[in-house]
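Structure record follows, encoded as structure tokens.
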Protein chains: 2
Amino acid sequence: MTEAEQDRLTPRQRAVLERALELLVAGGERALTTAGVARAASCSKESLYKWFGDRDGLMAAMIAYQASKVRGFADNGAPMDRERFRAHLVGFAQDLLEVLGGDVSLALNRLAIGQASREKSRLGQLLVAQGRRRIDQSARALLDAGRKRGFIHYSDADEAYRTLYGLIVRDLHVRMLLGEEGARRPEKFAALAEQAVEQFFALYGARQKERAETA
Amino acid sequence: MTEAEQDRLTPRQRAVLERALELLVAGGERALTTAGVARAASCSKESLYKWFGDRDGLMAAMIAYQASKVRGFADNGAPMDRERFRAHLVGFAQDLLEVLGGDVSLALNRLAIGQASREKSRLGQLLVAQGRRRIDQSARALLDAGRKRGFIHYSDADEAYRTLYGLIVRDLHVRMLLGEEGARRPEKFAALAEQAVEQFFALYGARQKERAETA
DNA sequence: ACAGAACCGTACCGTACGGTACTGACAGAG
DNA sequence: CTCTGTCAGTACCGTACGGTACGGTTCTGT
């Protein structure tokens, strides 16, 4: 789907989407006008409508395009010990925080959330499907690799992943979306990632098999 | 602040805000027009501008008004054993999920997030300050009560509370804000609350003093 | 009873935006 | 050289919204 969409995009159209993303990041949804995009990208409005249908189509294309750039973390079957597994988890946590706190991600999430009330457009679904799925899947693959080697223990992979996500992100995402300055501190992401993984091991580490299963 | 604002609001103005909130819930920000509010509330636009200044003032008043209705969970010094403490935590978790998943809360959060890009309006700050503070404080009081009686153990209250929040909410809030139907399942909130508190005790329960402190 | 404030309903204005139509430049094909 | 399709730039249209002004009505205090 995303790949096919990408193949249909000419370099010119990609450049237009890039400028549109810049506009969105700089000024929010109010700044994302068809005339503004056309002017910033040096193209005509008519071309915009020809390529993307309408304004909603343009926004959907922006989401798909941006999502295609955020590549998931590939989990090749390289051998690793417990410490390397832990380092992988910390790296994932830090990457996740940095992706969620990035300018473009925040702007697109704000856009999709602002459109969520309109029953017509399903930008939210698109954002979750395109942006989050690959992150989720690579994380699940990482967890699965750790479980197979006995570093962690769980029965429900989905529940374990959601717990990890909650420990990492907490309420940071919403606070960043709300524009709270205190929430956006990239220099603290490393420490937060360490702490979250520490807690995750306390819950799902192999030595506490009897824990966190009863619910 | 909120109390003072509340005192300044006449019953008529409160009714107007109520209708405005209904409009916002029903149709999102696009439906929140001054003419629409005036028509729905049977008042004149002139009165709206007289009472609330401008559209931003109206939105701020809506947030403050709604926040004034969400009363925090009072923690009276009633005696409780470990099981009652756990039940209090589960109740808090379930209340939190139900508040965050409520129609009005979601609509107001969407509104504030949509306005977050505009440097002018600080609806996000207002929403956090008015809506979340009292929930946070009551939860911290509850945690503190549990710590004093030896049911849980932590050194940093803020960090313990944020962990509890993350375990409860995970990514549900953002997914609900994005309009994902699968995320909004109030019938599952009870089970989620139970599970989160279970995990919280695994991390901060008195029997695992040595855990979750090193970071 | 009377004055003044508060307020509803409506009309109005300026602006901004989404979307369409038109014109002219340019590039490749025959 | 000419025909044809693409696209930038611009002008245009209908609509919708924020904000203001005004006439008429109801409420209130004296």
Side-chain angles (χ1 to χ4, degrees), chain A residues 7-63 107 110-112 114-115 117-123, chain B residues 7-63 107 110-112 114-115 117-123:
Chain A
D7 292 343
R8 283 184 205 131
L9 291 180
T10 67
R12 181 82 180 95
Q13 291 163 357
R14 273 190 275 264
V16 169
L17 292 179
E18 203 72 51
R19 307 292 297 181
L21 284 173
E22 291 172 14
L23 276 182
L24 180 67
V25 168
E29 191 195 344
R30 316 277 308 202
L32 192 72
T33 66
T34 55
V37 173
R39 195 179 333 112
S42 293
C43 73
S44 70
K45 287 173 66 175
E46 198 169 14
S47 300
L48 287 183
Y49 285 96
K50 185 176 191 176
W51 294 333
F52 307 111
D54 56 2
R55 189 169 178 265
D56 287 344
L58 172 65
M59 297 191 292
M62 290 166 64
I63 289 179
R110 290 196 184 112
L111 179 66
Q115 301 283 328
S117 57
R118 290 183 58 89
E119 182 60 34
K120 188 65 175 299
S121 75
R122 309 181 74 76
L123 289 187
Chain B
D7 292 343
R8 284 184 205 131
L9 290 180
T10 68
R12 181 82 178 95
Q13 290 164 358
R14 276 190 272 265
V16 169
L17 291 180
E18 203 72 52
R19 306 292 295 183
L21 283 173
E22 291 172 13
L23 276 182
L24 181 68
V25 169
E29 191 194 343
R30 316 278 308 203
L32 193 71
T33 67
T34 55
V37 172
R39 194 177 337 109
S42 294
C43 73
S44 69
K45 287 172 67 174
E46 197 169 13
S47 299
L48 287 184
Y49 284 95
K50 183 176 189 176
W51 293 333
F52 306 112
D54 56 2
R55 189 170 178 265
D56 287 345
L58 172 65
M59 296 192 293
M62 289 166 65
I63 288 179
R110 289 195 184 112
L111 179 66
Q115 302 284 327
S117 57
R118 291 186 59 88
E119 183 60 32
K120 189 63 177 300
S121 75
R122 310 182 74 75
L123 288 187

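In the text below, chain A, chain B and the rest are named by the order of the sequence lines, each starting its count at 1.
- In this structure, A:Leu58 atom CG and C:dC17 atom P are separated by 15 Å, rounded to whole Å.
- Put simply, the side chain of A:Thr33 does not reach to within 4.5 Å of the side chain of A:Arg55, judged on heavy atoms.
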inquiry  = For A:Met62 and A:Leu32: C-alpha separation, side-chain torsions, deciding distance, then whether side-chain contact (heavy atoms from CB on, under 4.5 Å) applies.
reply    = CA-CA 11 Å; A:Met62 290 166 64; A:Leu32 192 72; 4.0 Å; yes
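- For the pair A:Phe52 CZ and D:dC7 C1', the interatomic distance rounds to 14 Å; values are reported in whole Å.
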Side-chain donor-acceptor contacts of residues 16-27 of chain A below 3.5 Å, not counting sequence neighbours, with atom names and distances?
unit_1  : atom_1 : unit_2  : atom_2 : d
A:Glu18 : OE1    : A:Tyr65 : OH     : 2.4
A:Glu18 : OE2    : A:Lys69 : NZ     : 3.2
A:Arg19 : NE     : A:Ala40 : O      : 3.3
A:Arg19 : NH1    : A:Glu22 : OE1    : 3.4

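- At C:dC7, one or more side-chain N or O atoms of B:Trp51 fall inside 4.0 Å of OP1 or OP2 (strictly under the cut-off).
- With distances taken from any side-chain atom of B:Ser47 to the nucleotides C:dC7, D:dA8, C:dG9, the minimum falls on C:dC7.
- A donor-acceptor pair is defined here as one N or O able to donate and one able to accept, closer than 3.5 Å; such a pair exists between the side chain of B:Gln13 and the backbone of B:Thr10.
- Judged as a salt bridge (charged side-chain N to carboxylate O under 4.0 Å, His left out), not a single pair has a partner in residues 41-54 of chain B (not counting sequence neighbours).
- The closest side-chain heavy-atom distance from A:Arg110 to A:Glu29 is not below 4.5 Å.
- Environment of CZ in A:Arg30: sparse, with no more than 12 heavy atoms of neighbouring residues, nucleotides or ligands closer than 6.0 Å.
- B:Arg12 comes within 4.0 angstrom of sugar-phosphate atoms only, judged by non-hydrogen atoms across all strands, and of no base.
- The stretch residues 15-25 of chain A has no heavy atom under 4.0 angstrom from DNA chain D at all.
- With sequence neighbours excluded, the residues satisfying side chain to side chain contact (heavy atoms under 4.5 Å, CB included) with B:Ser47 are B:Ser44, B:Trp51.
- Here D:dT6 is the nucleotide among C:dG9, D:dG9, D:dT6 with the atom lying nearest to any side-chain atom of A:Lys50.
- In this structure, the salt bridge (charged side-chain N to carboxylate O under 4.0 Å, His left out) partners of B:Arg122, at least two apart in sequence or on a different chain, are A:Glu181, B:Glu119.
- Rounded to an integer number of Å, the gap from A:Leu48 CG to D:dT10 P is 15 Å.
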task = Using a 4.0 Å cut-off on protein heavy atoms (strictly under), produce a 5'-to-3' string for nucleotides 18-25 of chain C with B for base contact, S for backbone-only sugar-phosphate contact, and - for none.
result = BBB-B---
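- Atom-to-atom, CZ of A:Arg30 to C1' of C:dT15 comes out at 12 Å; the value is rounded to the nearest Å.
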